[in-house]
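Throughout, numbering of the chain's residues begins at 1 and tracks the sequence.
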Amino acid sequence: MDLNLSDEQRLLRESAERFMAESYDADHRRKMANDPLGFSPMMWKQFAELGWLALPIAEEFGGLGGGPVEIGILMEAFGRGLVSEPYVATIVLGAALIEKCGSTAQKQASLPKIADGSFKLAFAHSERAARFDLAKVATSATKTAQGWRLEGSKIAVLDGHAADEIIVSAHLHDHHGPSGRLGLFLVPATAPGLALTDYPRLGGGRACNVGLSGVQLPEDSLLGDGKDALPALEWAVDRATAALGAEAVGIMQTLLETTLDYTKIRKQFGRPLSANQVIRHRLADMAIQVDEARSMALRAALKADSSQLERARAASGAKAKIGKCARFVGEQSIQLHGGMGVTEELEVGAYFKRLVAFDTLFGGSAHHYARHAQLGRTA
């Protein structure tokens, strides 16, 4: 297997890293942290102009036809810049689910607008009692004469406050009662009965809780033909897990480089910290953890279009391993910066917070170790 990047992929990485270095400085991140929206619409427009929003969308719908590896390259650069724009919510999850499950009319209506930056999505699936079990959904969608009626609640919806439409998962109920199938619904952000409570996320960006009280939707708001959407949900979440893993690698790489630079200039007893052999060993251990995490994120991206079992094992293996590596690298970085590491004067703390948040999205390390083991027994 050739793991070298193609010329196009190298160009994507170089342009993304250059953009992050020029546009995402500490002042910009602090400004976004205090902004009610949580991100910059101007930056989102620039993402569209650079083609990043169109990257994974099929060419027939105005996209570039990129795959998970290209998304991983971009997400690693986003990690280095601590990007707070709703890329995962709109592109990695929302656009992917519409392309996977939607009818031709639904794709034509949404995907070109997503690619040009004029339409944003969110994905509302997690519920309080689910504990990362994707099949455990209490929200219901009941068939009515006019279409569908949704009842239920969702938590931790990434960037739901900024979305034009929210993709909501619900158990389908027809005239005979519960059907045992999950459906995905396109719910306008202005729909009567939809209540959003947004809050800042640890490490930047925003999320919200969603309440659905008698939300009436037309019949064509259901994505696709009504077959069980659980396999598509698992597929999308596994791809998002791979993308978030790549973002975590970018954060870890930045922490490693920042800590290495700091130990070269910080002196104790007349010598730089990096002259101490114990410090060198700790830096070497951090570098090893970053490389291991990068290889796991790449493996998850390469397996994203494999069989369900291979894809799921690669995604869970990456989430579990990267979560463990991220915790180690983050803690070492904070400790090697000493008391400065926990102040807002340095950005080390902000990067560490994003890594802590990464470990809680779509299940922590313990959950994915257990899922990986269960899938191994199935195999």
Side-chain angles (χ1 to χ4, degrees), residues 24 28-48 52-53 75 78-79 81-98 109-111 113-128 130 137 139 150-170 184-217 221 223 233 236-237 240 243-244 247 350 353-354 356-358 360-362:
Y24 278 82
H28 174 78
R29 283 189 281 269
R30 291 191 184 101
K31 182 181 177 182
M32 289 303 100
N34 296 319
D35 190 286
L37 192 59
F39 69 92
S40 167
M42 188 61 68
M43 285 292 183
W44 190 251
K45 185 179 178 181
Q46 287 185 265
F47 284 10
W52 294 348
L53 304 186
M75 288 296 295
F78 285 177
L82 275 192
V83 166
S84 59
E85 276 66 30
Y87 195 84
V88 171
T90 297
I91 307 300
V92 180
L93 284 167
L97 283 169
I98 288 178
S110 299
L111 294 179
K113 292 192 293 182
I114 293 171
D116 67 21
S118 62
F119 193 68
K120 291 185 284 293
L121 292 168
F123 175 50
H125 178 70
S126 299
E127 299 184 2
R128 292 191 185 279
V137 175
T139 300
L150 268 61
E151 299 278 355
S153 61
K154 303 289 184 178
I155 63 168
V157 180
L158 299 180
D159 301 296
H161 68 294
D164 298 294
E165 285 189 344
I166 301 175
I167 299 176
V168 177
S169 60
L184 297 174
F185 293 86
L186 289 168
V187 182
T190 56
L194 182 71
L196 304 180
T197 308
D198 76 299
Y199 47 84
R201 289 169 52 205
L202 186 66
R206 300 185 74 83
C208 70
N209 295 341
V210 176
L212 301 139
S213 179
V215 176
Q216 299 287 342
L217 298 173
S221 63
L223 273 181
L233 279 170
V237 170
L244 289 167
E247 181 189 41
K353 288 175 184 176
R354 182 69 70 90
V356 173
F358 159 77
T360 63
L361 285 171
F362 304 116

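- Listed by chain and number, the residues in a side-chain hydrogen bond (donor to acceptor under 3.5 Å, both in side chains) with Asp35 amount to none (sequence neighbours excluded).
- Side-chain atoms of Ser153 do not come within 3.5 Å of backbone N or O of Val210 as any donor-acceptor pair.
- The distance from the SG atom of Cys208 to the CD1 atom of Ile155 is 11.0 Å, given to the nearest 0.5 Å.
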Go through the steps for Leu194 and Val168 under the test side-chain contact (heavy atoms from CB on, under 4.5 Å), then give the verdict. CA-CA 11 Å; Leu194 182 71; Val168 177; 5.7 Å; no
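- When atom types are taken as modelled, the side chain of Glu151 and the backbone of Gly214 share a donor-acceptor pair closer than 3.5 angstrom.
- Formation of a donor-acceptor pair under 3.5 Å by the Ser84 side chain with backbone atoms of Gly38 is found in this model.
- With sequence neighbours excluded, the residues forming a side-chain hydrogen bond (donor to acceptor under 3.5 Å, both in side chains) with Arg29 are Glu347, listed by chain and number.
- When all heavy atoms are compared, the tightest approach of Leu111 to Ala95 is CD2-O, 3.8 Å.
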Show the numbers, then the answer: is there a side-chain contact (heavy atoms from CB on, under 4.5 Å) between Glu165 and Ile98? CA-CA 12 Å; Glu165 285 189 344; Ile98 288 178; 5.8 Å; no
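- Side-chain contact between Val88 and Leu244 is present, with heavy atoms from C-beta onward closer than 4.5 Å.
- Each salt bridge (Lys or Arg N to Asp or Glu O under 4.0 Å) pair with one or both residues in residues 83-96, not counting sequence neighbours, would appear here, but there are none.
- A pairwise comparison of heavy atoms in Leu93 and Ala236 identifies CD2-O, 3.8 Å as the closest pair.
- Going from atom OG1 of Thr90 over to atom CD1 of Ile167 covers 9.0 Å, rounded to the nearest 0.5 Å.
- Between Leu53 and Ile114 there is no side-chain heavy-atom pair separated by less than 4.5 Å.
- Listed by chain and residue number, Asp198 satisfy the salt bridge (charged side-chain N to carboxylate O under 4.0 Å, His left out) test with Arg206 (two or more places apart in sequence, or in another chain).
- In this structure, the ring-ring contact (aromatic ring centres under 6.0 Å, His included) partners of Phe78, at least two apart in sequence or on a different chain, are Phe47, Trp52, Tyr87.
- Taking 4.5 Å as the limit, every side-chain heavy atom of Met43 sits out of range of all side-chain heavy atoms of Met32.
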Test side-chain contact (heavy atoms from CB on, under 4.5 Å) applied to Leu233 and Leu184, step by step: CA-CA 9 Å; Leu233 279 170; Leu184 297 174; 3.9 Å; yes
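- With sequence neighbours excluded, the residues satisfying ring-ring contact (aromatic ring centres under 6.0 Å, His included) with Phe185 are Trp148.
- Rounded to the nearest 0.5 Å, atoms CD1 (Ile91) and NZ (Lys120) are 10.5 Å apart.
- Here the CG atom belonging to Leu186 is positioned 7.0 Å from the CG atom belonging to Leu121, to the nearest 0.5 angstrom.
- When all heavy atoms of Ile166 and Ala124 are compared, the pair lying nearest together is CG2-CB, 3.7 Å.
- Listed by chain and number, the residues in a side-chain hydrogen bond (donor to acceptor under 3.5 Å, both in side chains) with Thr360 amount to none (sequence neighbours excluded).
- Take Ser169 and apply the side-chain hydrogen bond (donor to acceptor under 3.5 Å, both in side chains) test, not counting sequence neighbours, and it matches His125, Lys154.
- Under the rule for a side chain to side chain contact (heavy atoms under 4.5 Å, CB included), the partners of Ser118 that lie at least two apart in sequence or sit in another chain are Lys113, Asp116.
- A donor-acceptor contact shorter than 3.5 Å links the side chain of Asn209 to the backbone of Ala156.
- For Glu247, the salt bridge (charged side-chain N to carboxylate O under 4.0 Å, His left out) partners are Arg354, not counting sequence neighbours.
- Considering only residues two or more places apart in sequence or on other chains, Arg30 meets the salt bridge (charged side-chain N to carboxylate O under 4.0 Å, His left out) condition with Asp27.
- Considering only residues two or more places apart in sequence or on other chains, Phe362 meets the ring-ring contact (aromatic ring centres under 6.0 Å, His included) condition with none of them.
- Here the closest non-hydrogen pair linking Leu217 and Pro188 is CD2-CD, 4.1 Å.
- Residues Ala163 and Ala189 come closest through the heavy atom pair O-CB, 3.3 Å.
- Residue Gly81 comes nearest to Tyr24 through the heavy atom pair O-CD2, 3.6 Å, listed as atom of the first residue, atom of the second, then distance.
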